[in-house]
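Worksheet for the structure shown next.
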Amino acid sequence: MDDRTAVFFLALALVLAVARLCGAGARRLGQPAVVGEIVAGVLLGSTLLSPTWGVRDAVPYDDVQPLLGALANVGLALFMCVIGYETDPAFLRGSGRTALSVATGSVLLPLAGGTLVAVPFAAAHGPSGTHGFVLFVGVAMSVTAFPVLARILADQRLNRTPVGRIAMAAAGVNDLIAWACLAVVAALFSDAESWRMAFLPVYLVLLLGVVRPLAARFLRRRAHGTADTAGAVVLVVAGLMASCAATEWLGIHFVFGAFVFGAVMPREGSEERMRVAVMDGLEKSATRILLPLYFVIAGTRVDLSTFRAAHLGGLAAMLAVAVATKMVGAGLGAAAAGLPRPDVLTLAVLMNTRGLTEVVILTVGLQLHLIDAAFYSIMVVMAVLTTVMTGPLLPSRPTPSKDDRPPTPAQDRVPAPGRGRG
């Protein structure tokens, strides 16, 4: 019998159990579960799975780690599809100009500040060269974690308030801009054969002109016939995996294929119930088992034992620039839109949440060799700290009354406390 199979299942059981425990612990402390899952990965990577303790000498963990990574990537693809679907332009209805102003400020200033602060670190931490490193760090600094923000708003009972709706709309626009910028950086500085990028327009045309109409027709027939949700989920996942394969072949990254596939899924029409059921099936598959696995594995790549005084200085610089530029940029955008001072302060704090979106983008940068492992560790710690500080920094606000308007249909798809990526 192959010992690697036994080690794979044992390692999977260990990772899932530790992720669950640390995620529950984070929630008890008022933090999103993703914080606990990343911490779980850091603990596993620096203790049980560290070469220092001899575990890798006793069992073939390195042989099964790619299998765990592949399984985690499937979970990430499912989740990014859901995020793409939930990043609905309908969020902009009713608060479009204000949300766009907040999003613009929360992207441009961190993007500029991130590129400037990255320049001194490029020579030591940019495997693919200065330009790719600097641009990538700028994009990473500009991120706001859409799904983690949804969880924080629900926990703080802000999800039904006007400022909560503006924050979610701004975060959705912010993420769209960040993913688009990252796609450009990945295309410019990836090792893929450049001629393949010529097929990117063909890929987009097929998604919009063929896949979207077929998906709408398929969901409509399923909604009017037998409600075979399981069969619909399987076909949607098959299309999702094909989209991920296409973007990988193009030389971008599979997360873009997953995100875009979710974004082009039809949202309007009579098949609403079937469509929501399919997306719920994808989200439950991702968030309950596979996505925690992804963030634990992302945490194992953080090697705190390599931190030196220079790395601590880099962490301090990145953290200071990340917090200052994001909060000032979002605050200026909110003030320019004419919001009152309490709302300006609240939005400035909320938009500083980076969480899981930042970790996903950093992992993409590490895989594309835009940053090295040491700088990856610095940025992951920065992402965790900016997420942890969101709750304590939020100014106190009156408790929303029962007369608050219910969320719009688009907001109904925002992850709720029991099902989101908190």
Side-chain angles (χ1 to χ4, degrees), residues 31-32 34-35 38-39 42 102-122 124-126 132-149 152 167 170-171 173-175 177-179 181-182 185 295 298-299 302 304 307 310-334 344-366 370-372 374-394:
Q31 296 296 332
V34 65
V35 172
I38 295 172
V39 171
V42 174
V102 175
T104 301
S106 66
V107 169
L108 293 182
L109 195 59
L111 185 64
T115 54
L116 290 176
V117 75
V119 173
F121 301 94
H125 300 290
F133 175 85
V134 168
L135 290 176
F136 174 79
V137 173
V139 173
M141 286 285 201
S142 67
V143 168
T144 294
F146 178 88
V148 174
L149 179 60
I152 292 174
V173 175
N174 189 307
D175 274 9
I177 297 173
W179 285 114
C181 292
L182 183 58
V185 174
F295 289 109
V302 178
L304 298 180
F307 265 48
H311 293 153
L312 292 176
L315 173 61
M318 291 297 159
L319 183 62
V321 172
V323 173
T325 57
K326 178 64 79 169
M327 294 183 66
V328 171
L332 289 176
V344 170
L345 295 176
T346 299
L347 286 168
V349 173
L350 289 172
M351 296 301 288
N352 189 45
T353 304
R354 286 175 173 84
L356 66 89
T357 306
E358 177 82 0
V359 176
V360 172
I361 286 181
L362 291 173
T363 305
V364 172
L366 183 65
L370 296 173
I371 58 175
D372 63 6
F375 202 79
Y376 171 85
S377 299
I378 290 173
M379 294 293 282
V380 168
V381 174
M382 180 273 293
V384 171
L385 291 177
T386 54
T387 304
V388 167
M389 67 176 62
T390 300
L393 287 181
L394 275 176

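Note that this is a predicted model, so its numbers are computed, not measured.
Between T390 and T353, the side chains place a donor N or O and an acceptor N or O closer than 3.5 Å (distance only, hydrogens not considered).
Classification of the F133-F375 ring pair by plane angle, with boundaries at 30° and 60°, yields perpendicular.
Among all heavy-atom pairs drawn from G132 and V185, the shortest one is O-CG1, 4.3 Å. Here the closest non-hydrogen pair linking T144 and A171 is CG2-CB, 4.0 Å. A330 and L347 get closest at one heavy-atom pair: CB-O, 4.2 Å. When all heavy atoms are compared, the tightest approach of V137 to G114 is CG1-O, 3.7 Å. Residues A167 and L149 come closest through the heavy atom pair O-CD2, 3.7 Å. Here the closest heavy-atom approach between residue Q31 and residue P392 is recorded as NE2-CD, 4.4 Å.
Proximity of a side-chain donor or acceptor of R354 to a complementary backbone N or O of S142 within less than 3.5 Å is not detected. Looking at E358, its side chain never comes within 3.5 Å of a backbone N or O of A383 through a donor-acceptor pair.
Checking each of V139, V323, T325 against P110 for a side-chain contact (heavy atoms from CB on, under 4.5 Å) leaves exactly one that passes, namely T325. Paired with K326 under the rule side-chain contact (heavy atoms from CB on, under 4.5 Å), one option of T386, V321, N174, V349 passes, and it is N174.
Separation of atoms CG (L319) and CD1 (I378) is listed at 11.5 Å; rounding is to 0.5 Å. With rounding to the nearest 0.5 angstrom, the OG atom of S106 is 11.0 Å from the CG atom of L111. Taking CG of L362 as the start and OG1 of T357 as the end, the distance is 10.5 Å to the nearest 0.5 Å. Rounded to the nearest 0.5 Å, atoms CH2 (W179) and CD1 (I361) are 4.5 Å apart. Note that the CG atom of N352 and the CE atom of M389 stand 6.0 Å from one another [nearest 0.5 Å]. For the atom pair CG of L345 and CG of L393, the computed distance is 11.0 Å after rounding to the nearest 0.5 Å.
Counting heavy atoms from C-beta on, the side chains of F121 and V134 never come closer than 4.5 Å. By the 4.5 Å heavy-atom criterion applied to side chains, M318 and M379 are counted as neighbours.
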